[in-house]
Amino acid sequence: MTERVQVHEPFVDPAQQHAADMLGMYIFLASEIMLFGGLFAVLFVCRLLHPQEIAAASKELHLWIGGINTAILLTSSLAVAIAVQLARQGSRRAVAISLAAAAALGAGFLILKAVEYRLEYSDGLLPGFSTASKFANPATHLFMNIYLIATVLHAVHLSIGILLLAGLVWKLLRRSLQVPKRASVIAVSGLYWHLVDVIWIFLYPALYLIR
Amino acid sequence: MTSDHMVDAASHPAQPGIAETAEERVSYLRAGHTLGSWLFTSDHKRIAILYFISVTFFFFVGGAAATLMRADLLTPQADLLSDEGYNRAFTLHGVIMVWFFLIPSIPNTFGNFLVPLMIGARDLAFPRLNLLSWYIYMLGGLFTIYVLIAGGVDTGWTFYTPLSSMFANGNVVLAATAVFIVGFSSILTGLNFIVTIHKLRAPGMTWGRLPLFIWSLYATSLILVLATPILSVTLALIAAERLFGIGVFNPSLGGDPLLYQHLFWFYSHPAVYIMVLPALGVVSELVAAAARKPVFGYQFVAGSSIAIAAIGFLVWGHHMFVAGQSAYASAIFSFLSLAVAVPSGIKVYNWTATLYKGQISLDPPFLFAMSFIGLFVVGGLTGVILAMLAVDVHVHDTYFVVAHFHYIMVGGTVSAYFGALHYWWPKIIGRRYSLAWGRLSAALIFLGFNLTFFPQFLLGYLGMPRRYHVYPPEFQVLHVLSTAGASILGVAYLLPFTYLFYSMRYGKPAGANPWEATGLEWSIPSPPPKHNFAERPTVTRAPYDYTIEYEESDD
Amino acid sequence: MNGFLSLWPDRASAYAAQLDTLLAGFTVVIVLLSAPVFILIVVFAIKYRRGRPANRKHPVTRNVWLEISWSIVPFVLMLCFYVWATKLFFDLHHPPADALEIDVVAKQWMWKFQHPGGQREINELHVPIDQPVRLTMASQDVIHSLYIPALRMKQDVVPGRYTDMWFKAGKPGTYLLTCAEFCGTQHARMGGHLIAMSQADYARWLEASTTDLTLAAQGAELFRSRGCSGCHGPSATVHAPNLAGIYGKPVPLEDGQVVTANDQYIRDSILLPQQQIAAGYPHIMPSFQNVLGEDDVLKLIAYIKSLSDTGEGSPNREGASK
Amino acid sequence: MHVVRPLIFVWAALMSLLALTIAASFALTGPLSLVTSMGVATVKAVLVYWFFMHLREEGGLIRLAAIAGIAWLMIFFFLALADYATRSSS
């Protein structure tokens, strides 16, 4: 099972390929930032138009669940960052373990998020889904709609991230991904994971901590 | 595949076409001739051809909608189309022309073909991503065709809320989905170009030696990557608003309809530069080749592409001067819109200066380039008129605006597209076409275009609103002129496809460099071999390094 | 108008003439800026045509000062026009205090106008000349745009808020009035006429189309019939703000902000009462969103305005005082 | 372990910032709350980008690509704010 450092067609050397992969991923992340940025813009404009109502709605959200989830994602990012360092040193099993830990933390986030949706549903917070709505005011409805769209979009991104990490773990265990030769693959995938974390870092205060 | 095998399959021996050349036999065109070898290729040149075919298809679909509209506008009454029919025609015309023709036109065909050739690379940085981007484009295209068959959509290409989110009865969600999908194709293409231009330049191909077409594509790609996601999320919100009534753009639910316009134009104004920047790059190439001289002020022309892309993000509010935007914000946007005219002006003046003391050729590509400059000047300066606040209050949403952006997008981008087609066709196909027919179609397009759209400036100032097919009778004469021009234009657009297609078999072999131009793409055989360069080129010379004849002087 | 072919639109106001002057001046500038390009391209294409002998000695390929000057000079020229056009634009946003106030309600696909005297018309707007007219515009459904080419003016009419526009017609006549923002199926048919008349004619027209009640009186009628007076009336037992004299005054809100009780605030209070609640009052006002149309709301505003004796707004509204 | 230790410090800093922002949400209201919470979030994001996402070791180009998205977003926020902040309410 010896593997050459794979250099794809247009590249002439691995360094060039790594640089291109990193740049490509960073540019992709820039476009992801713009995607979520549109939602943030919508959120801030609504907040500007209805400051009181939206602060009131925000207070109804489960601040502590969101906080724990933030901590979970930050920890998962740590695991991914460690995995990248370990990959450069070539400890295959340790890389697989820390990536698996990160993916598991991500899954934990999703489970907790599902619990939170469930609570919000029974509280009558989720518009359109709850039978008896707690809010009479359209602006609070609006806020809950934006909350739902933003968190679901984030959850979709996180799920993709979990699949990505799980795939890497699988390949590492099957030895079809070699470290440290292809540590670059783990670094580039890690970037995506961290961005999903960064987006949550902004979503959390923007949604839960409006006062 | 062996090349012998291909000779049999690729041409019918009974035809008296010119026999296949040695270059063709080893070219990318003959590297596999099954349908699968095209549909699953990762060769940027073949993907460019795939785009060329699909983009051309949508150009004629969008053109058909325009034909219906112009025919209906012959008379002040509605006699060809119903109200609904007309609304659906202009919506589809806009959606198809903007997202399925203009935005992908030059970048995805000529950009795909030329970026690696011009910078001396084997392919784009992510070849499979490039193919994926074509499939995404086609998926979006299929949705659009489905919308067309299912009865169309009647919101205008701008999808303004609350009309689109609550009142329109067409297939708004499907149409938004189509545009949403095609957006990802744009993002992936932009990403691919940026990484390629940064990381795959041949040794010696410094930023100061990059062809200006590459500079303009780089600027375009920045916009593609940074602006398109905003459109995606906005369209998703429209769909959510329509399906679930979330209320973001609905004032009775606490939302703001103007927020939609901010988001939409934050994408769509830069999108105008997505459409025109590649055209500016093409014209820089063509002007230099036409004059056989280096482009005057290379640094300014290159820098102005980047400046246009950057300032282009700061001006979107000029679409909202009468929309209820704050007057102070309007004043800021008006000022910034004037600023974006400066880099555009630099380009035009520099092209003119390039021609000075040149060896000017009037072959078809160069005629297209010169008509581009003329039409772009008219379009650009009428754009400055529109940026003037009080004037815009009068002519906003009238035919003046329609004429203005058609001068930029049709007079500008489409002329450059045809210019590029005539310039690089011998490279792409390896055959020469009839120059006389080329000159004729360039002249016809210029004539037909002006006859179609110049009367619309007058109509607009007279007060003819856009998106009207019933109008006061005093506007009829100008409308008839416009329709007459459109019929010339329609024929003129079809013409090149006949003689270019004809040249594929009957044209003379082009040779590596039929225009005697500089640039790496002309240093390899036509059509290019599958692997582009036999060995990785090293660049040692400045761009547009034409030999200037100092000695030829007597008067 | 109605000629075979017109090449310049009617001018119905002094402002239209000013705008035409601005445009003519600017056209001269852009012709000056672009003529060199057109002329030189043709001249160069002939003079330096390939194969034609010409002096091609010492061609320049860059000249930074030249390039800077052809960037800066046009920009400075344009800036002068920017200042001019922006000044005109800001004038459009500052209506004179003595303007005649007319309400406009746009809906798919008609224009409804309400005069202060209570006269209502559809797709026709009668106005006196030589008197500033201010239109307060609301939309019942989608975005529309009131466009009167002869005045060189348009303004979008946005649902959920009031936009306004003012003008002073100078020449009697009948002018086109259209919708400029695409608003659905019959957008192209959503038009009518502006009829500018001498002040005497306008007075006669008002007389002939007089209704029983002024706009404010119609508002007062609604105020009773819709039950507003039950809470906001003088004898109400419910704790609700007294609306007499409130128009144009500052209103302290629950959250400590202070807003002015203008048209927009009163509209929002009727249709979206859970927002911007006045300090010290319970949240009990129901929304009238599905009950009152925009034209009704404008009548109520006229009524509430008429309760204010400060002289705010136009004298024409004052005539309807209860 | 020496390559991992700095990462753990960064993680600890992130967790303290999380605690800080939650605490601030109980103390502050209105614009001050917005500025604080977004400021803390920005610091957290910078930490993640700089240490976890390798910006510390990458060249200028990658750093430029990393801030491009945010910078462009700020253009939108500021110019859109120019409208919302100065819109007259009538």
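Keep in mind the model is a prediction, meaning the values are calculated, not measured. Letters go in sequence order (proteins before strands), and every chain restarts at 1. We use all heavy atoms of the structure for the numbers below, so side chains are in, but hydrogens, waters and symmetry mates are not.
Within the 4.5 angstrom heavy-atom criterion, atoms from both the backbone and the side chain of B:Val384 approach chain C. Using a 4.5 Å cut-off between heavy atoms, C:Gln108 contacts chain B through its side chain alone, with no backbone atom that close. B:Phe90 touches chain C through its side chain: at least one heavy atom from C-beta onward sits under 4.5 Å away, while N, CA, C and O do not. Using a 4.5 Å cut-off between heavy atoms, C:Tyr147 contacts chain B through its side chain alone, with no backbone atom that close. Both the backbone and the side chain of C:Ile143 come within less than 4.5 Å of a heavy atom in chain B. Of the two parts of C:Met190, only the backbone, made up of N, CA, C and O, holds a non-hydrogen atom closer than 4.5 Å to a non-hydrogen atom of chain B. If you measure heavy-atom distances from B:Leu459 to chain C, you find no contacts under 4.5 Å at all. Using a 4.5 Å cut-off between heavy atoms, B:Ala331 touches chain C through backbone and side chain atoms alike. For B:Leu338, the parts sitting under 4.5 Å from any heavy atom of chain C are the backbone and the side chain alike. Only the side chain of B:Val377 comes within less than 4.5 Å of a heavy atom in chain C; its backbone stays farther off. The contact between C:Leu23 and chain B is made entirely by side chain atoms (from C-beta outward), counting heavy-atom distances below 4.5 Å. Proximity to chain C is absent for every atom of B:Tyr86, based on heavy atoms less than 4.5 angstrom apart. Contact of B:Tyr356 with chain C is made through backbone and side chain together, with heavy-atom distances under 4.5 Å. The parts of C:Tyr82 that come within reach of chain B are both its backbone and its side chain, each placing non-hydrogen atoms under 4.5 angstrom from that chain. Using a 4.5 Å cut-off between heavy atoms, B:Ala290 touches chain C through its backbone atoms (N, CA, C, O) alone. Residue C:Leu271: no heavy atom, backbone or side chain, is found under 4.5 Å from chain B. For C:Phe81, the parts sitting under 4.5 Å from any heavy atom of chain B are the backbone and the side chain alike. Residue B:Phe335 touches chain C through both its backbone and its side chain, counting heavy-atom pairs closer than 4.5 Å. Both the backbone and the side chain of C:Leu33 come within contact range of chain B, with heavy atoms under 4.5 Å apart. For C:Asp91, no part lies near chain B; criterion is any non-hydrogen pair under 4.5 Å. Using a 4.5 Å cut-off between heavy atoms, C:Val158 touches chain B through its side chain atoms alone. Heavy-atom distances place both the backbone and the side chain of C:Gln186 under 4.5 Å from chain B.
Between C:Trp111 and C:His144, the ring planes lie perpendicular to each other; the angle is over 60°, past the 30° to 60° tilted range. Classification of the C:Trp8-B:Tyr461 ring pair by plane angle, with boundaries at 30° and 60°, yields tilted. Relative orientation of the C:His93 and C:Phe89 rings is tilted, given thresholds of 30° and 60° on the angle between their planes. Ring planes of B:Tyr298 and B:Tyr544: tilted class, angle from 30 to 60°.
Note on C:Gln289, C:Gln18, C:Lys47: by heavy-atom pairs under 4.5 Å with chain B, the leading option is C:Gln289. When each of B:Ala291, B:Ala168, B:Ala323, B:Pro465 is scored by its heavy-atom pairs under 4.5 Å with chain C, the top score falls to B:Ala323. If you tally non-hydrogen atom pairs under 4.5 Å between each of C:Ile30, C:Thr27, C:Leu79 and chain B, the highest count goes to C:Ile30. Ranking C:Phe26, C:Phe38, C:Phe44 against chain B, the residue ahead of the rest is C:Phe44, based on heavy-atom pairs under 4.5 Å. For the options B:His469, B:Arg466, B:Met166, B:Gln299, heavy-atom pairs under 4.5 Å to chain C are most numerous at B:Gln299. For chain B, the option among C:Gln155, C:Glu67, C:Met165, C:Met153 with the highest count of heavy-atom pairs below 4.5 Å is C:Glu67. For the set B:Val348, B:Val378, B:Leu458, B:Leu362, the entry with the most heavy-atom pairs within less than 4.5 Å of chain C is B:Leu362. Top candidate by heavy-atom pairs under 4.5 Å with chain B, chosen from C:Cys183, C:Pro36, C:Gly191, is C:Cys183. Ranked by non-hydrogen atom pairs under 4.5 Å with chain B, the options C:Ser34, C:Ala85, C:Gly160, C:Ala150 are led by C:Ala85. Ranked by heavy-atom pairs under 4.5 Å with chain C, the first of B:Val342, B:Asn350, B:Ile346, B:Asp256 is B:Asn350.
Here the side chain of C:Lys107 pairs no donor or acceptor atom with the backbone of C:Ser139 at under 3.5 angstrom. Checked by atom type and distance alone, the side chain of C:Asp156 never pairs as donor or acceptor with a backbone atom of C:Ser145 at under 3.5 Å. The backbone N or O of B:Asp363 sits less than 3.5 Å from a side-chain atom of B:Ser361, completing a donor-acceptor pair. C:Lys171 places no side-chain N or O within donor-acceptor distance of the main-chain N or O of C:Ala12, the cut-off being under 3.5 Å.
A side-chain donor from one of B:Ser304 and B:Lys347 sits under 3.5 Å from a side-chain acceptor of the other. In summary, the side chains of B:Ser337 and B:His318 do present a donor paired with an acceptor at a separation below 3.5 Å, with no hydrogens or angles considered.
Across all non-hydrogen atoms, the minimal contact from B:Arg88 to B:Gly152 is NH1-O, 3.5 Å. The nearest pair of heavy atoms linking B:Val395 to B:Thr398 is O-OG1, 2.6 Å. The two residues C:Thr136 and C:Asp164 have their closest heavy-atom pair at CA-CB, 4.4 Å. Across B:Pro473 and B:Pro76, no two heavy atoms sit closer than the pair CA-CG, 4.0 Å. Across every non-hydrogen atom of B:Pro543 and B:Gly208, the tightest pair is CD-O, 3.6 Å. The nearest pair of heavy atoms linking C:Leu88 to B:Ala390 is CB-CB, 3.7 Å.
For C:Arg189, the salt bridge (Lys or Arg N to Asp or Glu O under 4.0 Å) partners two or more places apart in sequence, or in a different chain, are B:Asp83.
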Step by step, work out the ring-ring contact (aromatic ring centres under 6.0 Å, His included) result for B:His479 and B:Tyr471. CA-CA 10 Å; B:His479 269 301; B:Tyr471 56 85; 4.2 Å; yes

Do B:His396 and C:Lys154 pass the side-chain contact (heavy atoms from CB on, under 4.5 Å) test, and can you show the C-alpha distance, the side-chain angles, and the key distance before you say yes or no? CA-CA 8 Å; B:His396 181 79; C:Lys154 75 164 65 66; 4.0 Å; yes

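Along residues 154-164 of chain B, the residues that come nearer than 4.5 angstrom to chain C, judged on non-hydrogen atoms, are B:Asp154, B:Thr155, B:Gly156, B:Tyr160, B:Thr161, B:Pro162, B:Leu163 in order of number.
A salt bridge links C:Asp20 to C:Arg152: one of the charged nitrogens lies within less than 4.0 Å of a carboxylate oxygen. Remark: C:Arg267 engages C:Glu294 in a salt bridge, criterion side-chain N to carboxylate O under 4.0 Å.
Summarising the geometry, atom OH belonging to C:Tyr48 is positioned 8.0 Å from atom CZ belonging to C:Arg56; distances are rounded to the nearest 0.5 Å.
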